[in-house]
Amino acid sequence: MSRYNARVVEPKWREKWVELGCDRAQTDPDKPKYYVLEMFPYPSGRIHIGHTRNYTMGDVIARYKRARGFNVLHPMGWDAFGMPAENAAMERNTHPGKWTYENIDTMRAQLKLMGLSIDWSREFATCDPDYYAQQQRLFLDFYKAGLVYRKKSTVNWDPVDQTVLANEQVEDGRGWRSGALVEKRELTQWFFKITAMADELIDAIDTLGGWPEKVRTMQANWIGRSHGLEFKFDVIDSKGKTKADPLIVYTTRPDTLFGAAFCAISPGHPLALSLAKRNKKLDAFLAECRQMGTTEEELEKAEKKGFKTSYRVRHPFDPDKLLPVYVANFVLMEYGTGAIFGCPAHDQRDLDFARKYDLPVLPVVVPEDADPASFEVGDEAYTGPGRIANSQFLDGMSVEEAKAEVARRMEKDDRGHLKTNYRLRDWGISRQRYWGCPIPIVHCDACGPVPVPTDQLPVRLPDDVEFDTPGNPLDRNSAWHSTNCPSCGAKARRETDTMDTFVDSSWYYARFTAPEADTPTRAEDAAYWLPVDQYIGGVEHAILHLLYSRFFARGMNDTGHLPATAREPFSALFTQGMVCHETYQLPDGKWVSPDDVVRDGSAVKHRSTGAPISVGPITKMSKSKKNVVDPEQIIEQFGADTARWFMLSDSPPERDVEWTASGVEGAWKFVQRVWRLIDQVKDTADDANAENDALRAAHRALQSVTADIEAFRFNKAIARVYELLGQISAAQVDEPATKAAARLMIQIMFPFTPHLAEEAWEALGGEQPLVQTAWPEPNPAFLVDDTVTLPVQINGKRRTELTVAAEASKEEIEAAVLADATVQRYLDGKHPKKLIVVPKRIVNVVA
RNA sequence: GCCCGCUUGAUGGAAUGGUAGACAUAGCGGACUUAAAAUCCGCAGGCUUCGGCCGUGCCGGUUCGAGUCCGGCAGCGGGUACCA
């Protein structure tokens with residue numbers, strides 16, 4: 001008996017597939033198309049198990065859809081710009097490009113071992129000048145369309161390294177390399193006007209039927225559309241004089257205006273800045289606020305603090321009421337107007353603030369079932385519905401009526417107006433880094449920022465860069481940034497900012513449809529292939545990457561680079577779970593790779609040094625925590641099919657999976673069992689009319705596996721195949737029907753284990769390779785049952801079961817149930833109160 | 001903090017509101033073998049007075065019936081705009 005040798009079989013079939021060119025996709029409007037895409041990888045060094053899980057899922061879909069007659073596009077590329085390459089350049093004294101392209105070579109070779117049916121002729125990296133040249137064109141077209149502008153914004157600044165730090169590079173307020181206290185610095189930066197499309201981006205979420213509900217919810221919440229009122233407070237200075245400039249606030253709760261106890265402005269608000277010029281304590285408070293990080297998480301988690309200014313504001317409807325004005329660290333300059341009024345009774349954060357600074361808490365919304373005279377707010381703000389009280393002309397109204405009435409009066413007095421606000425901020429794309437797509441702009445003293453003419457694109461990155469000093473090498477490279485103004489010809493300076501790498505990944509899916517085109521896209525290819533029919537990737541990209549891509553598709557449509565039919569980039573999205581692993585740390589906090597961890601009884605030690613290791617929480621595999629596993633070892637030992645099979649077998653694909661070494665062996669044993677079965681049945685004669693239990697089981701499996709693949713239930717599909725193998729093995733091996741069943745099983749397995757399936761198919765006498773064979777159809781005659789066994793519950797507990805004809809009516813089942821001995825024993829001669837019969841499902845007798 | 005998820009045997013997990021634990025891993029027992037590996041067969045949630053009873057993170061609700069739906073809580077994970 002021959003043993004299945006993956007080392008020989010797998011390369012043989014990969015070569016055959018290349019020879020047949022079956023992975024090549026060609027635009028052909030006469031054929032139905034299917035575009036399946038997995039999120040492309042960052043070339044970090046080596047493929048990790050999370051990648052392979054992702055690509056295997058896409059490959060199952062791609063192979064299945066081809067077998068179903070679709071013209072399939074399944075490309076691969078590299079998200080190749082980014083910070084790690086610069087870090088590697090500094091650490092290894094190499095060039096980011098060299099490091100990146102070497103990584104790509106390694107990872108491409110690893111991916112090819114997986115037997116993925118990818119059209120490699122379309123491969124590109126985002127750091128290829130051919131790619132970023134087209135991206136620069138898109139930037140300029142967006143610029144001309146008014147989707148790009150400059151404004152000041154804040155960055156993390158490392159005063160020692162003299163460089164901008166990413167949020168990830170700030171640890172406890174200090175730079176990760178220098179250890180210096182990080183400062184905030186204002187820079188003029190480039191922005192994409194994504195907020196201009198906020199309404200469309202949120203409204204179109206309803207059209208994304210193929211997306212998971214959770215992602216749609218996250219996107220809607222991220223955009224965060226709110227309807228409220230923007231209005232003016234008159235400002236009174238410390239001498240009691242009314243200032244010329246009012247304080248403009250935004251609120252979603254104008255109904256609670258009479259409950260206002262204070263106003264709060266952002267530390268970045270112009271009023272705060274001007275007051276600080278004359279108040280050292282306030283200046284110190286603003287400095288303290290600047291010490292906080294730039295991340296939303298840090299700002300929100302920080303203790304809520306306020307600084308009471310000498311100014312007050314006059315209540316718009318109650319001129320005698322003056323409210324104190326605080327500068328508060330939790331008010332964001334980016335949201336609304338950077339100023340709010342606080343109503344402690346009906347907002348938890350305002351309540352906490354009021355308790356801390358001893359401000360009055362006046363309830364103005366009273367729940368329907370409470371007494372307005374005695375209703376009070378304790379430690380919890382009341383945010384529910386109710387009747388307005390303590391609010392003059394609003395008293396007795398509902399919340400909605402009061403909102404409308406306040407807005408009406410404000411508009412009449414020209415004091416305010418209804419306004420829709422978004423949590424979404426414009427997309428800042430400027431990065432003060434080398435390894436990114438240069439922003440194609442020249443700064444001229446006379447002309448201002450001038451676009452680089454299209455015929456001068458791409459603005460190429462210079463090769464001669466040094467990474468021995470921190471900071472942006474482009475900034476120091478005067479040979480590169482010195483140029484002449486394209487408009488007036490005077491001496492000018494190139495923009496040295498490069499683009500956020502999210503820009504690169506926002507349109508790559510479109511570039512795959514015509515990767516060699518000398519324009520960003522080619523109309524006929526884009527029109528045929530787009531949108532992507534199935535996009536697959538990690539849920540960690542649920543918001544930013546996907547939202548930016550949705551914005552880009554619209555921008556590209558508006559600038560003529562995509563058809564209107566591709567205004568949404570991805571018809572269907574599948575978010576696969578992450579591959580997680582335990583984390584390991586040495587006593588000094590250094591992370592340790594799983595390969596370097598050994599267990600000695602209950603003790604966990606470092607393999608070479610024997611140092612004790614603490615086992616940390618199971619988190620997503622990441623380079624920074626070193627908890628990564630190398631799939632190549634598994635492929636070398638067991639073959640790609642075993643790895644593919646195992647990867648999809650245990651966890652449902654949308655769920656996180658904890659990687660443990662056990663289980664691969666099981667998959668490998670399965671592969672061997674399949675091969676033994678093929679060996680046993682391959683010489684049996686064929687008979688077109690054959691029939692047995694094994695063949696019936698195979699047709700049923702075909703039906704359920706087909707449904708499982710369509711629904712991304714790969715783990716269930718695999719469980720079904722395990723079951724089928726058992727059923728076929730139990731049959732007479734020399735019956736023609738058993739061979740037919742085995743043949744069907746092989747076809748079912750093909751998308752999962754393509755090399756094994758091809759080899760087995762050939763052994764079973766398949767006329768052409770499975771890559772050229774259509775997906776089989778189940779024989780309906782094999783799918784029907786004559787009888788069905790129903791569980792019988794008595795008072796909701798299963799007591800017995802009943803076998804009836806599959807087509808038995810409700811009445812027939814009821815009669816059979818009442819005649820059943822067990823049922824009669826429980827009923828004890830009485831009539832059941834109720835008899836619930838769900839045909840083909842269950843019977844419940846309520847005694 | 002906020003937004004979004006997840007929680008079922010020793011482990012990964014299965015279950016259109018309808019028999020909880022399919023399938024697999026680890027385990028135990030057996031067959032084959034001089035022996036081992038490999039392979040094959042079987043057992044397997046807990047408790048039990050052997051009638052049953054309990055059991056899907058915790059508390060409560062809806063229902064003839066809840067792992068599944070609703071309300072609350074806890075723990076864990078993802079995102080939080082310069083990691084990709």
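For clarity, every value in this text was computed on a predicted model and none was experimentally measured. Note that these values count all heavy atoms, side chains included, but never hydrogens, waters or copies made by symmetry. Chain letters run A, B, ... following the sequence lines, proteins first, then strands; residues in each count from 1.
Dashed line: the shortest gap from a side-chain N or O of A:Ser651 to OP1 or OP2 of B:G12 is not under 4.0 Å. Between A:Lys716 and the phosphate of B:A15, there is a side-chain N or O to OP1/OP2 separation shorter than 4.0 Å.
If you check the side chains of A:Thr753 and A:Asp641, you find no donor sitting under 3.5 Å from an acceptor.
For B:G57, the base is anti relative to its sugar; the glycosidic angle deviates from 0 by more than 90°.
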Give me the distances for all protein-to-nucleotides 44-53 of chain B N/O pairs that come in under 3.5 Å?
from  : atom 1 : to       : atom 2 : distance (Å)
B:C53 : OP2    : A:Arg799 : NH1    : 3.4

Could you list the protein-to-nucleotides 61-68 of chain B atom pairs, N/O on both sides, closer than 3.5 Å?
from  : atom 1 : to       : atom 2 : distance (Å)
B:C64 : O2'    : A:Asn844 : ND2    : 3.4
B:C64 : O2     : A:Asn844 : ND2    : 2.5

All N/O pairs under 3.5 Å across the protein-nucleotides 39-43 of chain B interface:
from  : atom 1 : to       : atom 2 : distance (Å)
B:U39 : O3'    : A:Arg676 : NH2    : 3.4
B:C40 : OP1    : A:Arg673 : NE     : 3.3

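Within the nucleic acid shown, A:Phe670 has no heavy atom closer than 4.0 Å to any nucleic acid atom. Residue A:Leu790 is classed as having no contact, given no heavy-atom separation below 4.0 Å to the nucleic acid. Base contact: A:Ser430 has a heavy atom under 4.0 Å from a base atom. A:Glu303 comes within 4.0 angstrom of nothing in the nucleic acid, heavy atoms only. Contact annotation for A:Pro652: backbone-only contact, meaning every heavy-atom pair under 4.0 Å involves sugar-phosphate atoms and none involves a base. Using a 4.0 Å heavy-atom distance criterion, A:Val845 is classed as making no nucleic acid contact. Within the nucleic acid shown, A:His545 has no heavy atom closer than 4.0 Å to any nucleic acid atom. Here A:Val792 lies out of heavy-atom contact (under 4.0 Å) with every strand. In this structure, A:Gln169 reaches neither bases nor backbone, as no heavy-atom distance under 4.0 Å exists between it and the strands shown.
Ring-plane geometry between A:His545 and A:His541 is classed as perpendicular, the angle between the planes exceeding 60 degrees on a 0 to 90 degree scale with a lower cut at 30.
Checking A:Ala719 against A:Asn156, the closest nucleotide of RNA chain B that is more toward the 5' end is the one next to A:Ala719.
Closest to the side chain of A:Leu544, out of B:A84, B:C82, B:A22, is B:A84. Taking every side-chain heavy atom of A:Asn167 into account, B:A81 is the closest of B:A81, B:A14, B:A84. Here B:U80 is the nucleotide among B:U80, B:A24, B:C82 with the atom lying nearest to any side-chain atom of A:Glu297.
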Per-nucleotide protein contact string for nucleotides 2-10 of chain B (B base, S sugar-phosphate only, - none; heavy atom under 4.0 Å): -SSSSS---
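Salt-bridge formation is detected for the pair A:Arg700/A:Asp785: a Lys NZ or Arg NE/NH1/NH2 atom is positioned less than 4.0 Å from an Asp or Glu carboxylate oxygen. Using a 4.0 Å cut-off between a side-chain N of Lys or Arg and a carboxylate O of Asp or Glu, A:Glu303 and A:Lys356 qualify as a salt bridge. With respect to the salt-bridge test (charged N to carboxylate O, under 4.0 angstrom), the residues A:Lys301 and A:Glu297 qualify. Salt bridge annotation for A:Glu38-A:Arg53: absent, with no cationic side-chain nitrogen under 4.0 angstrom from a carboxylate oxygen. Contact check on A:Asp426 versus A:Lys193 returns no salt bridge, with no Lys/Arg side-chain nitrogen under 4.0 Å from an Asp/Glu carboxylate oxygen.
At distances below 3.5 Å, at least one donor-acceptor pair connects side-chain atoms of A:Ser178 with backbone N or O atoms of A:Ala180.
RNA chain B forms stems at B:1-7 with B:74-80, B:10-12 with B:23-25, B:27-31 with B:39-43, B:45-47 with B:52-54, B:57-61 with B:69-73, each a run of 3 or more consecutive Watson-Crick or G-U wobble pairs whose two key distances fall under 3.5 Å.
Taking the ring centroids of A:Phe670 and A:Phe646, they lie at or beyond the 6.0 Å cut-off.
Scanning for ring-ring contact (aromatic ring centres under 6.0 Å, His included) contacts around A:Tyr509 gives A:Phe570, with sequence neighbours left out.
The CD-C1' distance, from A:Glu665 to B:G12, rounds to 16 Å in whole Å.
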